[in-house]
Student: 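Got a structure here, written out as structure tokens. Questions coming.
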Amino acid sequence: MSACVPAPADSARTKHVHPPHSPPPGPRRFRIAGADVSASIAVFLIALPLSLGIALATGAPLQAGLVAAAVGGIVAGRIGGCPLQVSGPAAGLTVVTADLIQQYGWRTTCAITVLAGLAQLGLGCLRVARSALAVSPAIVHGMLAGIGVTIAVAQLHIVLGGTPQSAVPENLAALPAQLANLHPADVAVSALTLTLLFLWPRLPGRVGRVLGKLPAALIAVAAATALAALTGLRLPKVDLPSWSSHALAALPDGPVLGLVAAVLTTTLVCSVQSLLGAVAVDKLVAARPGLTGRVRRSDLDRELLGQGAANIVSGSLGGLPIAGVAVRSSANVAAGAVSRNSTMLHGGYVVIAALLLVPALELIPLASLAALVMSVGLKMVSLNHIRTVTRHREVLVYAVTTGGVVFFGVLEGVALGIAVAVGVALHRLTRTRITHEETEGGHHIHVRGQLTFLAVPRLSRVLHQVPHGADAVVELDGSFMDHAAYETLQDWQKTHTAQGGSVDITGRRPGIRISEPVEVDDCRCRPWTAWRNHQCERPPTATAPPDAGSQDTTGVADLTGGTGGTGGTGGAGGREGTTTSSPTDLARGISAFQRNTAPHVRGELARLAREGQQPSQLFLTCADSRVVTSMITSSGPGDLFVVRNVGNFVPLPGEESGDDSVAAAIEYAVDVLKVRSITVCGHSGCGAMQALLGTEPGGGQTPLKRWLRHGLPSLARTPGDGDGAGGPRLAGRAAADTAERLCLANVVQQLEHLRAHESVSRALAAGGAGGGLELHGMYFHVGEAQAYLLAEEAGEDGEAVFRRVLETDLTA
């Protein structure tokens with residue numbers, strides 16, 4: 001039934017009747033949450049100096065920065081699809097805008113901004129916003145790093161009291177002469193600004209926590225302004241001409257191809273930065289307790305429409321190009337904003353400041369603004385991004401993009417980065433290592449990489465090195481094989497088998513057809529059976545009872561799980577008249593590892609031994625033996641930093657009942673290992689949850705009972721059997737029983753405990769819109785072999801929902 005037509009049965013009940021002599025209810029009042037008001041003030045205090053500094057860095061009129069900040073807050077804030085993202089003049093657009101102003105002049109640059117906004121409107125109508133996120137992160141981070149380097153080198157000249165040149169090579173060439181001709185006043189003001197920017201967030205104690213709420217940018221610029229005013233320093237300051245002489249957009253004047261390239265470049269940088277910022281803001285919102293259900297996830301196509309409309313208005317009014325700004329957006333979320341009203345209010349404050357605070361703004365030294373913008377540029381070269389691209393072997397793409405932006409320009413640098421990224425992808429696709437090794441059992445051919453027609457000549461050459469009639473094993477370590485390679489392998493297999501040889505083709509990656517399991521000691525083991533307490537059925541043999549003197553656990557070759565010894569002789573310490581007993585389960589497992597797994601992981605483990613561990617995730621789960629973390633996450637050595645305990649509990653810090661073991665592991669993972677995500681994983685049939693449900697007050701306090709007290713908050717938030725379907729739930733079905741409801745509630749509760757740890761809260765607050773620490777909840781149903789992830793958005797009833805991860809969900 002349509003939501004617009006109430007059901008007849010409910011019409012009488014839902015009808016509101018006011019007293020006969022009272023006036024009808026008035027119109028609904030517009031209300032602004034107090035959290036939005038306080039957040040808007042914090043964002044305004046950051047945006048004001050940054051807007052002036054970015055305008056200074058581009059060479060545009062300083063009013064243009066204020067116009068862009070106001071329009072970005074009001075127009076993009078009202079229309080955009082990311083409620084908490086703050087838009088305005090962005091440091092990432094500085095280089096692009098500066099080049100346009102130098103080449104075409106300010107009024108034509110405003111017209112290019114309008115055209116870029118129209119292009120963004122078109123892209124938003126075509127709903128291609130998601131496609132823009134397909135650009136390699138290495139290219140995006142490299143572009144931002146190149147822009148940051150360009151900004152920092154240019155602003156360094158103003159910091160030293162000089163004038164920047166038009167390009168990075170020229171600025172670098174002029175730097176020695178500038179260092180020889182320092183202006184002490186500019187250097188002193190800049191040094192004070194940079195010192196406060198660095199030290200203000202690090203003030204110790206209770207005073208530091210109170211004062212740290214004030215934006216460092218505002219404090220640094222205000223202190224530099226006060227220093228210049230009190231000491232009477234003679235140095236260039238902000239000059240805001242009358243608004244009556246403010247230059248507006250004019251018809252574009254220049255070569256058509258150049259203007260088209262300028263519009264495309266501005267559209268690309270504005271759109272990609274805004275969309276990536278929206279995605280990052282969603283992560284920040286999801287990490288803030290109590291906010292997920294109130295703020296909707298970003299609509300990227302609508303965000304593109306909002307950015308386009310803002311650029312049209314800003315360009316028409318003589319403002320800078322607009323994009324989502326990471327610093328202001330992260331400050332908005334951290335300050336407690338709950339709706340788009342915060343962003344719009346901040347835009348209104350900028351309008352008031354631009355009209356009423358001109359005398360105060362004109363006291364600000366330009367060197368202080370230059371130091372502020374230079375620090376922003378340096379932060380755009382993120383060490384975290386460099387570590388990430390290095391880990392994914394994309395450092396070449398990152399370096400080429402950065403160098404291209406620095407020495408040639410943004411559009412040229414991005415084009416170079418895309419070309420190198422395509423080249424790296426093709427190289428990986430065609431790079432296939434084929435090795436041939438002769439062993440005692442036959443010939444082993446290992447194919448590592450993708451098998452395409454380009455590798456067929458090498459594959460054929462290696463295959464024909466296997467003598468006729470020999471036993472051969474071909475191991476395919478890749479995920480793709482084209483038709484040419486398939487036919488080559490099949491033809492050789494038929495020929496070799498016809499000549500009396502044997503061929504066993506095995507695969508280790510999805511997508512490769514794996515041959516039948518190989519019989520070893522009358523055991524047909526399927527994948528993972530050696531890792532899940534599997535006991536193979538073997539023919540009965542006459543063995544003596546286990547005896548310490550008749551066992552041999554020192555040799556790998558003797559630990560295959562079969563009976564050992566012949567001629568009535570035991571192992572190394574064997575006795576006559578006895579047979580070697582079966583090895584222990586531990587020794588059998590170690591033997592299987594040494595024989596089957598170690599040869600494949602030895603190189604990777606050697607690399608990890610040299611480089612040290614660099615896990616990307618902290619995985620906190622139950623000690624239950626059925627939860628195999630590496631299997632259910634498809635992870636390998638070095639990927640997960642795993643912490644296990646009974647019930648996957650995260651005790652609250654600082655309490656008498658706290659637990660230093662779990663807290664130390666969390667602190668080490670976040671502060672030392674710099675993990676990017678933390679996952680709390682519960683599972684079905686958890687014995688700890690069953691024990692919690694059966695716990696009775698009083699009785700002896702055993703170690704297990706004392707540990708289970710950490711689960712009492714989870715028990716308190718779990719509805720019982722008679723409480724309906726409340727509490728966290730699984731998508732698509734209700735919880736099976738109270739125990740499963742408790743398992744789900746426990747994951748949500750432990751995530752809240754996790755946020756209370758100082759290292760975690762600090763990492764979440766410092767993550768910024770560029771991406772930081774992420775928290776995830778997970779539930780693993782053992783019987784179904786099915787994983788569920790805690791959704792970022794709550795269900796319609798406001799309760800947490802765990803959504804099923806499908807086999808085809810490659811983004812999960």
Side-chain angles (χ1 to χ4, degrees), residues 286 288-294 619-624 626-627 643-653 655 657-659 662 678-699 701-702 704-757 775-784 786-805:
R288 229 182 81 188
L291 190 62
T292 304
R294 301 179 64 180
F619 201 87
L620 202 152
T621 188
C622 186
D624 193 293
R626 298 166 295 178
V627 180
V643 176
R644 306 183 73 136
N645 60 54
V646 175
N648 49 274
F649 292 142
V650 183
L652 283 169
E655 294 188 354
S657 61
D659 180 83
V662 177
I678 302 179
T679 301
V680 176
C681 176
H683 68 95
S684 62
C686 181
M689 301 299 106
Q690 296 284 0
L692 268 177
L693 291 172
T695 299
E696 297 181 359
Q701 289 297 308
T702 65
L704 178 59
K705 287 185 177 181
R706 286 196 296 272
W707 173 254
L708 289 178
R709 71 186 183 277
H710 299 303
L712 294 178
S714 304
L715 187 63
R717 72 183 299 162
T718 305
D721 289 330
D723 297 336
R729 57 184 174 83
L730 299 175
R733 70 172 176 87
D737 49 27
T738 305
E740 187 167 67
R741 283 195 290 273
L742 177 56
C743 288
L744 301 176
N746 184 55
V747 172
V748 178
Q749 183 68 39
Q750 301 313 315
L751 284 173
E752 294 185 4
H753 289 181
L754 190 61
R755 294 186 181 96
H757 283 256
L775 303 185
H776 302 288
M778 178 176 168
Y779 176 74
F780 182 68
H781 195 289
V782 177
E784 298 175 355
Q786 177 64 56
Y788 297 81
L789 285 178
L790 181 62
E792 294 182 359
E793 67 279 358
E796 295 180 356
D797 53 0
E799 295 289 352
V801 179
F802 288 77
R803 302 202 180 279
R804 187 174 183 178
V805 181

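Scope of the values below: all heavy atoms of this structure, side chains included, with no hydrogens, waters or symmetry mates.
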Student: Using side chain to side chain contact (heavy atoms under 4.5 Å, CB included), reason through Met689 and Leu693 one step at a time and then give a plain yes or no.
Tutor: CA-CA 6 Å; Met689 301 299 106; Leu693 291 172; 5.7 Å; no
Student: Measuring from His683:NE2 to Asn648:CG, what's the distance to the nearest 0.5 Å?
Tutor: 6.5 Å
Student: Can a donor-acceptor pair be found, under 3.5 Å and without considering hydrogens, that links the side chain of Arg644 to the backbone of Asp624?
Tutor: yes
Student: For the side chain of His753 and the backbone of Val650, is there at least one donor-acceptor N/O pair under 3.5 Å apart?
Tutor: yes
Student: Let me confirm one number: the CG-SG distance from Leu790 to Cys681, rounded to the nearest 0.5 Å.
Tutor: 12.0 Å
Student: What do the steps show when you test Phe780 against Thr621 for side chain to side chain contact (heavy atoms under 4.5 Å, CB included), and what is the final call?
Tutor: CA-CA 10 Å; Phe780 182 68; Thr621 188; over 6 Å; no
Student: Any donor and acceptor pair, going by atom type alone, linking the side chain of Asn746 with main-chain N or O of Gly647 inside 3.5 Å?
Tutor: yes
Student: How many angstroms lie between OG1 in Thr702 and CG in Leu708, if you round to the nearest 0.5 Å?
Tutor: 8.0 Å
Student: For the pair Tyr779 and Phe802, name the ring-plane relationship: parallel under 30°, tilted 30 to 60°, perpendicular over 60°.
Tutor: perpendicular
Student: What do the steps show when you test Glu752 against Arg717 for salt bridge (Lys or Arg N to Asp or Glu O under 4.0 Å), and what is the final call?
Tutor: CA-CA 12 Å; Glu752 294 185 4; Arg717 72 183 299 162; 3.3 Å; yes
Student: For Gly685, is there any backbone N or O sitting under 3.5 Å from a side-chain donor or acceptor partner on Arg626?
Tutor: yes
Student: Please evaluate residues Leu692 and Leu712 with respect to the criterion side chain to side chain contact (heavy atoms under 4.5 Å, CB included), reporting the C-alpha separation (whole Å), side-chain torsions for both, the decisive distance (0.1 Å), and the verdict.
Tutor: CA-CA 8 Å; Leu692 268 177; Leu712 294 178; 4.2 Å; yes
Student: Side chain to side chain donor-acceptor pair (under 3.5 Å), that's the test. Do Glu740 and Ser684 meet it? Break it down for me.
Tutor: CA-CA 6 Å; Glu740 187 167 67; Ser684 62; 6.0 Å; no
